[in-house]
Amino acid sequence: MKKLIVSVLFACTCAGLVSAQPPQPSKDPTDVNTIKQLEQDMGDAMVRVDIGKLSQIYADDFATVGSSGKVVTKEDLLHDFDSFHDKLESFENGPIEVQVFGDVAVASGSVSERRMRDGKQTGGDFVWMDLLEKRAGKWLVVRSAGARVK
């Protein structure tokens, strides 16, 4: 009897895994356009050193890995802008692609920027990807990754 129950449970589990469909991206333009605008607002807030706006864009548990390999938190990021350790002078986003899966979204694109870090020009052309989550009806950036384009 135990073998039969185990066999039935195993078969049901396998059937469930096989029949499960991967999540399909939403076609709702409202979320897509909201996220694209959020990405533009993020850059604008960095140029203006608007710490309040940046604090609203990044989730409290935001984290990324910086070019040095060190984990950078929301607190680190805000401190770097507030102390002028990191200064985005100007930027121009390329096309932004967004895929929304319920309350999670991925945005990716390219950017050309002029940036000073510790008094050195570090700008250039980059590709980036942000992972966002909708919390309490608002999209927040929870993870980021980027790379310089040579």
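All values below come from the heavy atoms of this structure, side chains included, with hydrogens, waters and symmetry mates left out.
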**Study point:** salt bridge (charged side-chain N to carboxylate O under 4.0 Å, His left out) assessment of Asp60 paired with Lys74
**Key:** CA-CA 6 Å; Asp60 289 341; Lys74 175 181 178 177; 2.8 Å; yes
Do the non-hydrogen side-chain atoms of [X] and [Y] ever get within less than 4.5 Å of each other?
X	Y	answer
Asp76	Lys70	yes
Arg115	Glu89	no
Val100	Trp139	yes
His85	His79	no
Thr122	Met116	no
Val98	Leu132	no

Gap separating the [atom1] atom of [X] from the [atom2] atom of [Y], nearest 0.5 angstrom:
X	Y	atom1	atom2	result
Gln121	Glu113	CD	CD	9.0 Å
Thr73	Asp61	OG1	CG	10.5 Å
Leu54	Met42	CG	CE	8.0 Å

Closest approach of [X] to [Y] (non-hydrogen atoms, all atoms of both residues):
X	Y	answer
Ala107	Glu39	CB-OE2, 3.6 Å
Val141	Phe62	O-CD1, 3.7 Å
Thr64	Ser144	OG1-O, 2.5 Å
Ala59	Arg135	CB-NH1, 3.5 Å

Review point. Around atom CZ of Phe84, are there more than 12 heavy atoms of other residues, nucleotides or ligands at under 6.0 Å?
Key: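 Incorrect, the count does not exceed 12.
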Check your understanding: For atom CD of Gln40, is the number of surrounding heavy atoms from other residues, nucleotides or ligands below 6.0 Å larger than 12?
Key ->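 Yes - once you tally the heavy atoms of other residues, nucleotides and ligands closer than 6.0 Å, there are more than 12.
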Check your understanding: Under the 3.5 angstrom rule, does the side chain of Lys87 hit a backbone N or O of Asp80 as a donor-acceptor pair?
Key -> no
Same cluster (ILVMFWY, side-chain, under 4.5 Å), [X] and [Y]:
X	Y	value
Leu88	Val127	no
Ile51	Leu77	yes
Ile57	Leu131	no
Trp128	Leu140	no
Val142	Met129	yes

Exercise for review: Enumerate the residue pairs fulfilling side-chain hydrogen bond (donor to acceptor under 3.5 Å, both in side chains) with a member in residues 95-112, sequence neighbours excluded, ordered by first and then second residue.
Suggested key: Ser112-Asp125
Check your understanding: Step by step, would you call Asp44 with Lys53 a salt bridge (charged side-chain N to carboxylate O under 4.0 Å, His left out)?
Key -> CA-CA 9 Å; Asp44 291 339; Lys53 182 70 172 175; over 6 Å; no
Check your understanding: Side chains of Gln37 and Asn33: do they bring a donor and an acceptor to under 3.5 Å?
Key ->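 On atom types as modelled, these side chains do not qualify, holding no pair under 3.5 Å.
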